[in-house]
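A short worksheet on the structure shown next.
Note that the structure is predicted; figures quoted are calculated from it, not measured.
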Amino acid sequence: MLKIGLTGGIGSGKSYVAGLLIERGIPVYDSDIEAKRIMDNDPCVIDEIISLLGDKIVKNRAIDKSALADILFNDRYVATRIEEIIHPKVIKDFKNWCTKQETTICAIESAILIEAGLMGEVDFVVVVDAPESLRLKRTLARNKITSSMFYARMALQIDQKEKIKKADFVILNDGVAELELQIDNLLKKLKNKLQ
């Protein structure tokens, strides 16, 4: 089985590309959703987060994701500590998920694929790229954040140019390039590697 690591900066269109992969029969592990699930259900993770941040991070007997996000995007030390708690759990969960897939290709979508140490878990890194101005516009239209919040989140991720240097494939999602054709060509190349 070939494993694709799908990444890109905030607003690049990773989730949209992931959806197109799913339409083509490629299962995609959404690391953001799964990290939240782990935070909700793993008592060790919950205890470690409470130990780090105190009871103020708990709301209705669960980790308050909104409060946690505010902390993560404003405190690099805490963000690093949380990553040290969550990332190993996500990696283990992804490996387990892969064993249950019955396809020759699967993917993981992660904005922080490189930062989280997931590059070693995939065969190919695919970076979704778009101009920064378009990424900002998409993010402001989709999320309830300001432009300063967008740049703060962007600052916590590896620079897009650095991601592209580490990529095996780049998909340009600028609203002009033929996105579906790029994905079909990517899958064709990957299927050729399986033969």
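The cluster map of Ile, Leu, Val, Met, Phe, Trp and Tyr, joined by side-chain heavy atoms under 4.5 Å apart, puts I171 and V176 in different clusters. V45 and I71 fall within the same hydrophobic cluster, where Ile, Leu, Val, Met, Phe, Trp and Tyr residues are linked whenever their side-chain heavy atoms come under 4.5 Å apart, directly or through other members. Under a hydrophobic clustering in which Ile, Leu, Val, Met, Phe, Trp and Tyr are joined whenever their side-chain heavy atoms come within less than 4.5 Å, directly or via other members, I85 and M39 fall into the same cluster. By the rule that hydrophobic residues join a cluster once side-chain heavy atoms approach within less than 4.5 Å of another member, M154 and L140 end up as members of one cluster. Residues L118 and I105 fall into different hydrophobic clusters, defined by Ile, Leu, Val, Met, Phe, Trp and Tyr side chains chained together at heavy-atom separations under 4.5 Å.
Nearest approach of F150 to E132, heavy atoms of both residues: CZ-O, 4.4 Å. Minimum interatomic distance between D174 and L134 (heavy atoms only, all atoms of both residues): O-CD2, 3.6 Å. Taking every heavy atom of both residues into account, L179 and L172 meet most closely at CD1-O, 3.9 Å. The shortest heavy-atom contact between M1 and C98 is CE-O, 3.6 Å. Contact record, D64 with K59: OD2-CD, 3.5 Å, taken as the closest heavy-atom pair. The two residues A130 and R135 have their closest heavy-atom pair at O-CD, 3.2 Å.
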Should L2 and L194 be marked as a side chain to side chain contact (heavy atoms under 4.5 Å, CB included) after you check the CA-CA gap, both sets of side-chain angles, and the distance that decides it?
CA-CA 8 Å; L2 287 180; L194 287 166; 3.6 Å; yes
Could you go through the side chain to side chain contact (heavy atoms under 4.5 Å, CB included) check for Q182 and F169 one step at a time?
CA-CA 10 Å; Q182 292 179 77; F169 301 97; over 6 Å; no
Determine whether I108 and V28 satisfy the following criterion, side chain to side chain contact (heavy atoms under 4.5 Å, CB included), listing intermediate values before the conclusion.
CA-CA 5 Å; I108 180 170; V28 178; over 6 Å; no
Could you walk me through whether R37 and D93 pass salt bridge (Lys or Arg N to Asp or Glu O under 4.0 Å), step by step?
CA-CA 11 Å; R37 178 186 56 77; D93 192 61; 2.6 Å; yes
Criterion salt bridge (Lys or Arg N to Asp or Glu O under 4.0 Å) on R76 and E83, from CA distance to verdict:
CA-CA 10 Å; R76 186 66 225 158; E83 289 165 2; 3.2 Å; yes
Does E162 form a salt bridge (Lys or Arg N to Asp or Glu O under 4.0 Å) with K165? I'd like the steps, not just the answer.
CA-CA 5 Å; E162 288 302 311; K165 286 180 187 175; 3.2 Å; yes
Kindly indicate, with the supporting measurements, whether the criterion salt bridge (Lys or Arg N to Asp or Glu O under 4.0 Å) is fulfilled by K95 and E121.
CA-CA 8 Å; K95 286 179 177 180; E121 304 301 325; 3.7 Å; yes
Could you give me the CA-CA distance, side-chain angles and deciding distance for I57 and L68, then say whether side chain to side chain contact (heavy atoms under 4.5 Å, CB included) is met?
CA-CA 7 Å; I57 202 66; L68 182 61; 4.0 Å; yes
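Looking only at side-chain heavy atoms (C-beta outward), V122 and V125 come within less than 4.5 Å of each other. Counting heavy atoms from C-beta on, the side chains of I183 and E180 never come closer than 4.5 Å.
Between the S110 side chain and the T7 main chain, no donor and acceptor come within less than 3.5 Å of each other.
Enclosure of atom CG in D55 is not indicated, since only 12 or fewer non-hydrogen atoms of other residues, nucleotides or ligands lie within 6.0 angstrom. Enclosure of atom NZ in K65 by more than 12 non-hydrogen atoms of other residues, nucleotides or ligands within 6.0 angstrom is indicated. Within a 6.0 Å radius of OH in Y16, other residues, nucleotides and ligands contribute 12 heavy atoms or fewer.
Checking Q160 against S12 by side-chain atom types alone, no donor-acceptor pair falls below 3.5 Å.
Rounded to the nearest 0.5 Å, atoms CD (Q101) and CD1 (I26) are 10.5 Å apart. Between atom CZ of residue F124 and atom CG of residue L6 there is a gap of 14.5 Å, rounded to the nearest 0.5 Å.
Below 30°, between 30° and 60°, or above 60°: for Y29 and F94 the angle between ring planes is above 60°, a perpendicular geometry.
Electrostatic pairing of D32 and K36 counts as a salt bridge here, judged by a charged N lying under 4.0 Å from a carboxylate O. For D184 and R24, the salt-bridge test passes: some basic side-chain N is under 4.0 Å from an acidic carboxylate O. Checked for salt-bridge contact, K89 and E34 miss the test: no charged N lies under 4.0 Å from a carboxylate O.
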